[in-house]
S.K.: 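Take this structure, written in structure tokens, and hold onto it; I'll ask about it next.
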Amino acid sequence: MDAVLVTGGLGFIGSRLCEALLDEGARVRCVDDLSGSYAPTTGPAAAARLAARGAEVLVTSADPRHVDGVDAVIHLAGRPGVRSSRPVAELHAANVVPAERLAATAARTGARFLLVSSSSVYGNATEMPTPEHAPPAPLNRYAASKVAAEAAVLARGGDPVVVRPFTVYGPGQRPDMAFARWIAALAEGDAVPWHAAPGTARDFTFVDDAVAGLMAALRHGRAGEAYNVSGGRSVPLTEALALLAGDETVELDELPPSGGEALVTSGCGRKALAELGHAPRTGLAAGLERQLAAASPDLLAA
């Protein structure tokens, strides 16, 4: 792909993706309205870094006009959060309508359209690891908006591909996400915020693996198909916290679990491996080491 539009391109995953595309010689148009939550290396810092590398950086909401002149669209923009209490109408306006409009324009112009959806569409899946053909069973408004976005994009025809990442982490993670919050709490000696019900486990995907999966889907994904991008195994949250804490004694600030979250997530990677040639390369222990090393020196010294 010579020219690629990335919406939400200044965020956690998007900024890494834009850099990977630039590394491969692509012309990148990065669009982001900077309305989200950003780590110090993302958001405005990413805008300056990408512009210096020759990317076209537009700080605005994604618009169908931005599809003009590109070979592919990777749509990451939207309102995040499985615990979101945003009204259904607001989530629809942010997560469904722009995806549908951009996909319709891409279908008219012949551009490939890659929708970055979410593993939350599966809910409490009955099959583990969960394959892409599992029926959607969203447990919250955010997940329902992703199910609706997938349907809207596929209905527009053209050359659409759907990717469902599983719990992405690593350097640059949004400060409102669990690992970033845990690292900050541990560094300050505070109690770790803990929303999880007993037995909660997640399939954690290192950000570089997530980006590699998106790149593979961009190149090799079949039109109309969905692909999981996962970390390769489901890990209990207690194990993940132990990896972060090391020998430290951890105090938990136990909060009511959300009824809108799956107890266990586990993504089947067979289809991604067979059709995209993609498999995760970074295990959780190594990935968390890299996220800790990239955390603010001031934070870690506190």
Side-chain angles (χ1 to χ4, degrees), residues 8-20 36-43 45-46 76 78 80-84 116-120 122 129-130 142-143 146 163-187 192-196 200-215 228-246 248 250 252 258 261-267 269 272 278-296 299-300:
L10 299 179
F12 171 37
I13 300 172
S15 58
R16 298 287 277 253
L17 177 62
C18 287
E19 296 202 72
S37 173
Y38 300 97
T41 56
T42 64
L76 284 141
V82 294
R83 296 194 191 105
S84 175
V116 183
S117 182
S118 167
S119 63
S120 66
Y122 297 121
T130 307
Y142 166 78
K146 287 297 190 179
V163 176
R164 297 169 181 155
F166 281 70
T167 313
V168 182
Y169 73 100
Q173 189 182 49
R174 294 199 324 268
D176 60 301
M177 297 181 75
F179 286 168
R181 295 174 68 201
W182 294 359
I183 289 170
L186 290 167
V192 169
W194 189 261
H195 293 270
T200 299
R202 291 287 179 267
D203 191 334
F204 294 106
T205 310
F206 188 63
V207 62
D208 289 352
D209 285 334
V211 166
L214 293 175
M215 298 279 281
N228 291 335
V229 171
S230 74
R233 76 180 182 103
S234 190
V235 179
L237 257 62
T238 51
E239 179 182 331
L241 179 58
L243 286 170
L244 272 177
E248 291 185 49
V250 179
L252 299 182
S258 168
E261 294 186 69
L263 184 64
V264 177
T265 64
S266 178
H278 170 73
R281 302 180 63 179
T282 306
L284 183 60
L288 286 177
E289 283 184 11
R290 291 170 67 177
Q291 184 167 348
L292 278 166
S296 165
L299 179 67
L300 293 176

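If you read the sequence from its start, that first residue is 1, and numbering goes on from there. Values in this document were obtained by computation on a predicted structure and should not be read as measured data. Heavy atoms only: backbone and side chains are in, while hydrogens, waters and symmetry mates are out.
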S.K.: Excluding sequence neighbours, so at least two apart, what forms side-chain hydrogen bond (donor to acceptor under 3.5 Å, both in side chains) with Arg164?
M.R.: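 Arg164 satisfies side-chain hydrogen bond (donor to acceptor under 3.5 Å, both in side chains) with Tyr122, Glu150 only.
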S.K.: Only one of Leu186, Leu244, Leu243 forms a side-chain contact (heavy atoms from CB on, under 4.5 Å) with Leu292, so which one is it?
M.R.: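 For Leu292, the side-chain contact (heavy atoms from CB on, under 4.5 Å) check succeeds only for Leu244.
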S.K.: Would you check, one step at a time, whether the test side-chain contact (heavy atoms from CB on, under 4.5 Å) holds for Leu214 with Val229?
M.R.: CA-CA 8 Å; Leu214 293 175; Val229 171; 5.5 Å; no
S.K.: Any side-chain heavy atom of Gln173 within less than 4.5 Å of one from Val207?
M.R.: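 Heavy-atom side-chain distance check fails, nothing below 4.5 Å.
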S.K.: Which side-chain N or O atoms in residues 231-240 pair as donor and acceptor under 3.5 Å with protein atoms at least two apart or in another chain?
M.R.:
unit_1: Arg233; atom_1: NH2; unit_2: Glu239; atom_2: OE2; d: 2.9
unit_1: Ser234; atom_1: OG; unit_2: Thr265; atom_2: O; d: 2.9

S.K.: Under the rule for ring-ring contact (aromatic ring centres under 6.0 Å, His included), what residues qualify as partners of Tyr38, not counting sequence neighbours?
M.R.: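 If we apply the ring-ring contact (aromatic ring centres under 6.0 Å, His included) test to Tyr38, skipping adjacent residues, there are no hits.
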S.K.: Measuring from atom OG1 of Thr205 to atom CG of Leu284, what distance do you get when rounded to the nearest 0.5 angstrom?
M.R.: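 Between atom OG1 of Thr205 and atom CG of Leu284 there are 10.0 Å.
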S.K.: Partners of Phe204 by ring-ring contact (aromatic ring centres under 6.0 Å, His included), sequence neighbours excluded?
M.R.: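 Partners of Phe204 by the ring-ring contact (aromatic ring centres under 6.0 Å, His included) criterion, ordered by chain and then number, come out as Phe179.
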S.K.: Test side-chain contact (heavy atoms from CB on, under 4.5 Å) on Leu17 and Met215 and set out the steps.
M.R.: CA-CA 8 Å; Leu17 177 62; Met215 298 279 281; 3.8 Å; yes
S.K.: Counting C-beta onward and ignoring hydrogens, is there a side-chain heavy-atom pair between Ile13 and Leu76 closer than 4.5 Å?
M.R.: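 Sidechains of Leu76 and Ile13: in contact.
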S.K.: With sequence neighbours left out, what residues match Arg290 under salt bridge (charged side-chain N to carboxylate O under 4.0 Å, His left out)?
M.R.: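 Result, salt bridge (charged side-chain N to carboxylate O under 4.0 Å, His left out) vs Arg290: Asp208.
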S.K.: Is Asn228 reaching over with its side chain to a backbone N or O of Phe166, donor-acceptor style, under 3.5 angstrom?
M.R.: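 The answer is no, because no donor-acceptor pair under 3.5 Å joins these two groups.
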S.K.: Please check this pair: side chain of Thr42 against backbone of Phe12, looking for a donor-acceptor N/O pair closer than 3.5 Å.
M.R.: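 Side chain of Thr42 to backbone of Phe12: no pair is present.
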S.K.: Mind checking ring-ring contact (aromatic ring centres under 6.0 Å, His included) for Trp194 and listing every partner two or more places apart, or none if nothing turns up?
M.R.: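 With sequence neighbours excluded, Trp194 shows a ring-ring contact (aromatic ring centres under 6.0 Å, His included) to Trp182, given in chain and number order.
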S.K.: Between CD of Gln291 and CE of Met177, what distance do you get to the nearest 0.5 Å?
M.R.: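 The distance works out to 9.0 Å.
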S.K.: Are the side chain of Arg16 and the backbone N or O of Gly11 linked by a donor-acceptor pair below 3.5 Å?
M.R.: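 No, the answer is negative, given that no donor and acceptor are paired below the 3.5 Å cut-off.
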